[in-house]
Amino acid sequence: MYLEYFQMVDRVVALDSAAETIQCIARVPDTSTIFEGHFPGYPLMPGTLLVETVAQVGGFLLMSLGGYSRLPILTQIAKAKVRRAVSPGTELQVDAKVIQVSSGIAAVEGRLNADGKPIVTCEIRYHMMAFPQDNLRAMVLSRARDIGVPVPDGESAT
C-alpha cells in the first residue's frame with residue numbers, strides 16, 4: 001500500500017471472470033504519515049481506508065471485466081461493518097464479487113480479512129462512466145499491470 005497516493009492494493013492473487021470475483025493482497029505499511037494522527041503512540045489503520053481498499057479491489061474487478069472501457073466512481077458504501085482494528089504491518093486479504101451491473105451502475109460485495117479473521121464487510125456501489133481522459137485510462141492500465149490485474153492484449157500504458 002502507498003496510503004498517501006491511495007494505492008491500496010499490492011497484488012492480485014486470483015481473478016475469476018466467469019464467477020466475477022477477485023482476491024487481492026494489501027499489506028498495511030509499517031510506517032506512514034497517516035499513523036502520526038491515527039493515533040499517536042498507538043497507530044491504527046483508519047476504517048475509512050480499509051473500506052477504500054475494498055472499493056479499489058471491486059473497481060479493478062469491474063474495470064477488468066469491462067475491458068477497461070469504463071471508470072468506476074464510488075457512489076455508495078452500504079452495509080459496511082468494521083469488526084476490528086488493524087495495525088501497521090498487517091497483511092490483508094481482500095475479496096470482492098460483482099452483485100449487480102446495469103445501465104451505468106455496478107455493485108460489489110466485499111470483505112477484508114487478516115489471519116483468517118473478518119475485518120471489514122461491505123457493499124460498494126459505483127457509477128460507471130467513460131474515462132474522461134486518455135491519460136487517466138493509461139495510468140489505470142499501468143497500475144493494473146503493476147499489481148497483476150489482467151489487461152486486454154495490445155493495450156498500451158502510454
Side-chain angles (χ1 to χ4, degrees), residues 1-29 34 45-84 86 90-158:
M1 285 184 187
Y2 195 25
L3 300 181
E4 290 76 7
Y5 289 89
F6 276 67
Q7 293 178 355
M8 311 306 278
V9 183
D10 291 318
R11 67 183 163 88
V12 173
V13 175
L15 189 146
D16 184 334
S17 296
E20 298 183 323
T21 61
I22 190 171
Q23 182 181 80
C24 296
I25 296 296
R27 186 179 174 281
V28 179
I34 297 289
M45 181 72 163
T48 55
L49 294 180
L50 294 171
V51 174
E52 172 67 17
T53 302
V54 175
Q56 286 187 20
V57 168
F60 278 115
L61 174 61
L62 291 166
M63 287 187 293
S64 177
L65 294 173
Y68 296 87
S69 63
R70 315 275 294 164
L71 178 66
I73 302 296
L74 189 147
T75 58
Q76 183 181 22
I77 300 166
K79 304 176 189 173
K81 292 184 182 175
V82 179
R83 300 176 186 276
R84 65 188 74 225
V86 173
T90 302
E91 184 173 281
L92 305 170
Q93 177 185 322
V94 192
D95 300 287
K97 177 178 179 45
V98 174
I99 56 173
Q100 178 185 6
V101 175
S102 61
S103 182
I105 62 166
V108 300
E109 286 180 339
R111 68 181 183 275
L112 190 146
N113 296 313
D115 297 322
K117 297 176 183 166
I119 305 293
V120 170
T121 56
C122 59
E123 183 177 305
I124 307 288
R125 297 192 179 280
Y126 309 83
H127 167 67
M128 302 297 291
M129 61 180 273
F131 278 88
Q133 301 170 339
D134 291 339
N135 64 337
L136 175 58
R137 184 173 183 270
M139 288 188 317
V140 167
L141 286 166
S142 177
R143 179 71 182 138
R145 278 190 196 86
D146 288 348
I147 63 172
V149 182
V151 172
D153 290 338
E155 287 287 351
S156 172
T158 58

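Side chains included, hydrogens not; waters and symmetry mates left out as well; all remaining heavy atoms used.
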Task: Asp115 atom CG, neighbour heavy-atom count above 12 within 6.0 Å - done: no
Task: Pro72 versus Tyr126, closest heavy-atom pair with distance - done: CB-CD2, 3.6 Å
TODO: Please round to the nearest 0.5 Å and tell me the distance separating atom CE of Met129 and atom OG1 of Thr75.
DONE: 12.5 Å
- [ ] State the CG-CZ distance between Leu112 and Arg83, to the nearest 0.5 angstrom.
- [x] 11.5 Å
Open item on the list: Using side-chain heavy atoms (C-beta onward) and a distance below 4.5 Å, is Arg143 in contact with Ile147?
Closed with: yes
- [ ] Identify the two heavy atoms, one from Ala114 and one from Ile119, that lie closest to each other, and give their separation to 0.1 Å.
- [x] N-CG1, 3.7 Å
TODO: Kindly determine whether Asp10 and Cys24 satisfy side chain to side chain contact (heavy atoms under 4.5 Å, CB included), including the steps that lead there.
DONE: CA-CA 7 Å; Asp10 291 318; Cys24 296; over 6 Å; no
Task: Side-chain heavy-atom pair Leu49, Phe6 within 4.5 angstrom cut-off - done: yes
- [ ] Looking only at non-hydrogen atoms, find the nearest pair between Ala19 and Asp16 and report the distance.
- [x] N-OD1, 3.0 Å
TODO: Grab the two heavy atoms, one from Leu61 and one from Glu20, that are nearest each other, plus how far apart they are.
DONE: CD2-O, 3.4 Å
- [ ] Answer yes or no: is there a side-chain heavy-atom contact under 4.5 Å between Arg70 and Leu62?
- [x] no
Task: Contact summary for Val108 and Gly58, nearest pair of heavy atoms - done: CG2-CA, 4.0 Å
Open item on the list: To the nearest 0.5 Å, what is the distance between CZ on Arg27 and CE on Met8?
Closed with: 13.5 Å
- [ ] Return the minimal non-hydrogen interatomic distance between Ser64 and Pro150, and the atom names on each side.
- [x] OG-O, 3.6 Å
Open item on the list: In the structure I gave you, are the side-chain heavy atoms of Asp95 and Thr21 within less than 4.5 Å of one another anywhere?
Closed with: no
TODO: Quick one: pull up CD in Glu109 and CD1 in Ile99 and give me the separation to the nearest 0.5 Å.
DONE: 4.5 Å
- [ ] Would you check if Ile25 and Glu91 make a side-chain contact, meaning some heavy-atom pair closer than 4.5 Å?
- [x] yes
Task: Any Arg111 side-chain heavy atom under 4.5 Å of Val54 side chain - done: no
Open item on the list: For the OG atom of Ser103 and the CE atom of Met128, what is their distance to the nearest 0.5 Å?
Closed with: 12.0 Å
Open item on the list: Test your reading of the model: is there a side-chain donor-acceptor pair from Arg145 to the backbone of Val151, 3.5 Å cut-off?
Closed with: no
Task: Pair Val12-Ile22, side chain to side chain contact (heavy atoms under 4.5 Å, CB included): steps then yes or no - done: CA-CA 8 Å; Val12 173; Ile22 190 171; 4.3 Å; yes
Open item on the list: Applying side chain to side chain contact (heavy atoms under 4.5 Å, CB included) to Met45 and Thr90, what does each step give before you reach the verdict?
Closed with: CA-CA 10 Å; Met45 181 72 163; Thr90 302; over 6 Å; no
Task: Glu123 side chain reached by Arg125 side chain, heavy atoms, under 4.5 Å - done: yes
TODO: Could you tell me whether the side chain of Val120 reaches within less than 4.5 Å of the side chain of Val86, counting heavy atoms only?
DONE: no
Open item on the list: Checking Leu92 against Asn113 for the side chain to side chain contact (heavy atoms under 4.5 Å, CB included) test, could you report, in this order, the C-alpha distance in whole Å, the side-chain angles of both residues, the deciding distance, and whether it holds?
Closed with: CA-CA 6 Å; Leu92 305 170; Asn113 296 313; over 6 Å; no
